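In what follows, a structure is listed as structure tokens, so that the remarks can point back to it.
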Amino acid sequence: MTASSPAAARVIPLATAEQLLERKRRKSQLKGRQPDGASLHQVRALIGPPPTEGHRRDGLIEHLHALNDAYRGLHDRHLVALACEMRIPMAEVYEVASFYHHFEVLRGASEAPGLTVRVCDSLSCQLAGAQELLARLPQFFAGQDVRVVPVPCVGRCEQAPVAVVHQTPVARATPEAVVFASNGPLALIPQAQAAIYFVAADWAERGLPEYAGPTDYASYRAHGGYSTAAALVNGEMDTEEVLTMMEDSGLRGLGGAGFPAGRKWRIVRGQAAPRLMAVNIDEGEPGTFKDRTYLERDPHRFLEGVLIAAQVVGTEAVYIYLRDEYHGCRALLQAELGKLLADPPCPLPHIELRRGAGAYICGEESAMIESIEGKRGMPRLRPPYIAERGLFGRPTLEHNFETLYWVRDIVERGPQWFAGFGRRGRKGLRSFSVSGRVAQPGVKLAPAGITLRELIDEYCGGMQAGHELYAYLPGGASGGILPARLADLPLDFDTLQPHGCFIGSAAIIVLGHHDRARDAALNVMRFFAHESCGQCTPCRVGTDKAATLMQAPRWDGDLLDDLAQVMQDASICGLGQAAPNPIRCMHQYFAHEVGENAWPGDLPHPRSGPLSETLPPERAP
């Protein structure tokens, strides 16, 4: 073919210039569903305009909360717009939104219910009549746009049964009280119990604080608050001396693990900078409410402990992770933290308050860190440990609220002040969250090494009228179940393990002789099945299978024991590893309820007299 031939001179245009520009524009857009203008506007109004470097990836959960609060649910159109605004895949946004219990994804034109009433059905509330409340409430809201749902522990076990109307907790709930709460706004924090500390003359002399109400920033400063933290930050105190005090005090992690606090500080301090700090106030263990109780009364004693720890360890930023059920505590902490930042007593590290979204698994330290980073709260494999590589890949000091709460007193009064408390050779103070069949439930500050019998008699006003001690859970849902004959064991770290239990976060749930331990074990196993993150099969499948098997009148002991062993050996984190504890305790201490000689499942449990008298001798505990 020559250049002069007709075919060579023919030009066939593939597209006009406008069509080529349009094709380029389409290719530059995000793939998949595109956000609509109205949804983009609504999202931007809530989360604000993006900074120059774009929205922070770790802010995803906070942005989801903003949408969930505003619209009482997460419409998929808003999720698409949020993914566009944050420049992250829609799949990541959806997997985070669908992971947490307090987020509800609404598809298409679906609308959120006008009002949601949540009723706690964990063990303490079950003992107080939560199932009856759940059964009766729908009748009171008949014909209204109200949804009544059961939920796991909301951290108010001493006020059982508890309902939550939107974000307002209703203590000792009745249907009438819940209906009243639904018709108008109430305080986010119900009236606090009169006193959380046991009263004895010599204790007042030893410097234990009493609170008539929440301590605000001005009152705390007026009584010398933050002077210790300021002296340390300003170089008037030696950090090594403070670190030695922490080690000598014997203070251990009070979130459940019990790792020595001073040793943890030294380990993290020895890591390369920059170092970070993460504070765990997720407190999701059924039966535990001590952190909430202290936070409602004295947030600044805790915050000063945070500043002291941050200075000694050398952390540049602090992230405080507070469970979403504590709406009143969050409002209180935000207000008092704002006052601290506005008028600081000394240079402060960067401090951020982060909001959980309803996932018990985030009480595990690495799962909490994943959540702070804006991801699903799934535990990490170890090593590396978070002291080496934690939040945002940096060495991280992780602490429970109550551990930091005692730091100021230890530094000011000396390590022997804290170590001087104790019974039976144990050292220190323990804050017991006591609920169930006691006359005066609540947080009881008592010496380490106290026994359950002493705790009930000296601090709780004895058992409830008409109840005799039958059994108790010494460490919440995961700590196992012990019979009344073991009520004289010292309650402390390392004292209960020989009996198949542990103290954990010191959540004591007391059962009376009208209760059955098997019902308690089933309740906590259902809780574990609901709260498993699903990452590992032994926990995900094991907890669900165990809950099914435990409903049988007579348990298949061999199968449950095999299942318990697999869960303990192969689960990634403590949830799956501790979930079998109630099974083992039932077989060891309460075989009369679940074995071949079990009380017949079709007959009511004895309802009068001590259980040991109403059961035949071979079935007595």
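Because the structure is a prediction, the values reported are computed rather than measured. What's counted below: heavy atoms across the whole structure, side chains too, no hydrogens, waters or symmetry copies.
Among residues two or more places apart in sequence or in another chain, the salt bridge (charged side-chain N to carboxylate O under 4.0 Å, His left out) test is passed with Glu325 by Arg323. When the salt bridge (charged side-chain N to carboxylate O under 4.0 Å, His left out) test is applied to Arg77, no partner is found at least two apart in sequence or on another chain. Under the ring-ring contact (aromatic ring centres under 6.0 Å, His included) criterion, Phe302 pairs with Phe401, sequence neighbours left out. Annotation: ring-ring contact (aromatic ring centres under 6.0 Å, His included) contacts of Phe259 (sequence neighbours excluded): none. Annotation: side chain to side chain contact (heavy atoms under 4.5 Å, CB included) contacts of Ala229 (sequence neighbours excluded): Glu304, Leu307, Ile308. Residues satisfying the side chain to side chain contact (heavy atoms under 4.5 Å, CB included) test with Pro51, not counting sequence neighbours, are Glu53, His55. Partners of Ala231 under the side chain to side chain contact (heavy atoms under 4.5 Å, CB included) rule, at least two apart in sequence or in another chain, are Glu236, Met237. For Ala419, the side chain to side chain contact (heavy atoms under 4.5 Å, CB included) partners are Gln416, Lys427, not counting sequence neighbours. Residues satisfying the salt bridge (charged side-chain N to carboxylate O under 4.0 Å, His left out) test with Glu373, not counting sequence neighbours, are Lys375, Arg380.
When all heavy atoms are compared, the tightest approach of Leu40 to Pro35 is CG-CB, 3.9 Å. Nearest heavy atoms, Pro299 versus Leu333: CB-CD1, 4.3 Å. Between Ala359 and Asp282, the shortest heavy-atom contact is O-OD2, 3.3 Å. The minimum heavy-atom distance between Met245 and Pro415, with the atom names listed, is O-CB, 3.4 Å. Counting all heavy atoms, side chain and backbone alike, Leu445 lies closest to Ser431 at CD1-OG, 3.6 Å.
At distances below 3.5 Å, not a single donor-acceptor pair connects side-chain atoms of Tyr94 with backbone N or O atoms of Pro89. Without hydrogens or angle criteria, Ser219 side chain to Thr215 main chain gives no donor-acceptor distance under 3.5 Å. Here the side chain of Asn234 pairs a donor or acceptor atom with the backbone of Ala230 at under 3.5 angstrom. Of the possible polar contacts, one joining the Arg292 side chain to the Gly155 backbone as a donor-acceptor pair under 3.5 Å is found. In this structure a side-chain-to-backbone donor-acceptor pair under 3.5 Å is present from Asn68 to His102. No donor-acceptor pair under 3.5 Å is formed between the side chain of Ser122 and the backbone N or O of Pro152. Between the side chain of Tyr100 and the main chain of Gly377, a donor-acceptor pair closer than 3.5 Å is present. Side-chain atoms of Thr403 do not come within 3.5 Å of backbone N or O of Gly253 as any donor-acceptor pair. A donor-acceptor contact shorter than 3.5 Å links the side chain of Glu388 to the backbone of Tyr385.
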Please determine whether salt bridge (Lys or Arg N to Asp or Glu O under 4.0 Å) holds for the pair Arg394 and Glu316, giving the CA-CA distance in whole Å, both sets of side-chain angles, and the decisive distance to 0.1 Å. CA-CA 11 Å; Arg394 305 308 311 169; Glu316 296 185 356; over 6 Å; no

Please determine whether side-chain hydrogen bond (donor to acceptor under 3.5 Å, both in side chains) holds for the pair Ser505 and Thr288, giving the CA-CA distance in whole Å, both sets of side-chain angles, and the decisive distance to 0.1 Å. CA-CA 7 Å; Ser505 59; Thr288 309; 2.9 Å; yes

Using salt bridge (Lys or Arg N to Asp or Glu O under 4.0 Å), reason through Arg44 and Glu85 one step at a time and then give a plain yes or no. CA-CA 8 Å; Arg44 288 168 180 165; Glu85 278 294 284; 2.9 Å; yes

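For Glu240 and Arg269, the salt-bridge test passes: some basic side-chain N is under 4.0 Å from an acidic carboxylate O. With salt bridges taken as basic N to acidic carboxylate O contacts below 4.0 Å, none links Glu398 and Arg275.
Contact check for Leu60 versus Met86: side-chain heavy atoms found under the 4.5 Å cut-off. Contact annotation: the side chain of Cys573 approaches that of Ile361 to within less than 4.5 Å [non-hydrogen atoms, C-beta and beyond].
Looking at Tyr226 and His300, their side chains do bring a donor and an acceptor atom within 3.5 Å of each other. Glu336 and Tyr220 share no donor-acceptor pair across their side chains, judged by distance under 3.5 Å alone. Side-chain atoms of Arg330 and His327 form a donor-acceptor pair, as typed in the model, at a separation below 3.5 Å. With hydrogens and angles left out, the side-chain atoms of Glu285 and Tyr360 include a donor and acceptor closer than 3.5 Å. Arg376 and Ser98 share no side-chain donor-acceptor pair at under 3.5 Å. Under the 3.5 Å distance criterion, with hydrogens and angles disregarded, a donor-acceptor pair is assigned to the side chains of Glu364 and Ser366.
Under the 30°/60° scheme for interplanar angles, the aromatic rings of Phe392 and Tyr319 are found to stand perpendicular.
Rounding to the nearest 0.5 Å gives a distance of 8.5 Å between CG of Asn280 and OH of Tyr321. Taking CD1 of Ile320 as the start and CE of Met277 as the end, the distance is 8.0 Å to the nearest 0.5 Å. To the nearest 0.5 Å, atoms CE (Met246) and NZ (Lys264) are separated by 10.5 Å. Taking CD from Glu365 and CD1 from Ile386, the interatomic distance works out to 3.5 Å, rounded to the nearest 0.5 Å. Here the SG atom belonging to Cys157 is positioned 9.0 Å from the CD atom belonging to Gln159, to the nearest 0.5 angstrom. For the atom pair NE2 (His63) and CG (Leu79), the distance works out to 13.0 Å, reported to the nearest 0.5 Å.
Counting only residues at least two apart or in different chains, side chain to side chain donor-acceptor pair (under 3.5 Å) contacts with residues 242-251 comprise Glu247-Arg266. Residue pairs satisfying the salt bridge (Lys or Arg N to Asp or Glu O under 4.0 Å) criterion with at least one member in residues 399-408, sequence neighbours excluded, are listed as follows: Lys290-Glu402, Arg408-Glu412.
Heavy-atom contacts from other residues, nucleotides or ligands closer than 6.0 Å to CZ of Arg87 number 12 or fewer.
A cation-pi arrangement is present between Arg252 and Phe493 under the rule of less than 6.0 angstrom and at most 45 degrees off the ring axis.
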In a table with atom names and distances, give each donor-acceptor pair under 3.5 Å that connects a side chain of residues 346-355 to protein atoms at least two apart or in another chain.
unit_1, atom_1, unit_2, atom_2, d
His350, NE2, Glu352, OE2, 2.7
Glu352, OE1, Arg354, NE, 3.1
Glu352, OE1, Arg354, NH2, 3.0
Glu352, OE2, Arg56, NH1, 3.0
Glu352, OE2, Arg56, NH2, 3.2
Arg354, NH1, Asp58, O, 3.1
Arg354, NH1, Ile372, O, 2.7
Arg354, NH2, Asp58, OD2, 2.3
Arg355, NE, His65, ND1, 3.3
Arg355, NE, Asp324, OD1, 2.5
Arg355, NH1, Asp69, OD2, 2.8
Arg355, NH2, Asp69, OD1, 3.2
Arg355, NH2, Asp69, OD2, 3.4
Arg355, NH2, Asp324, OD1, 3.2

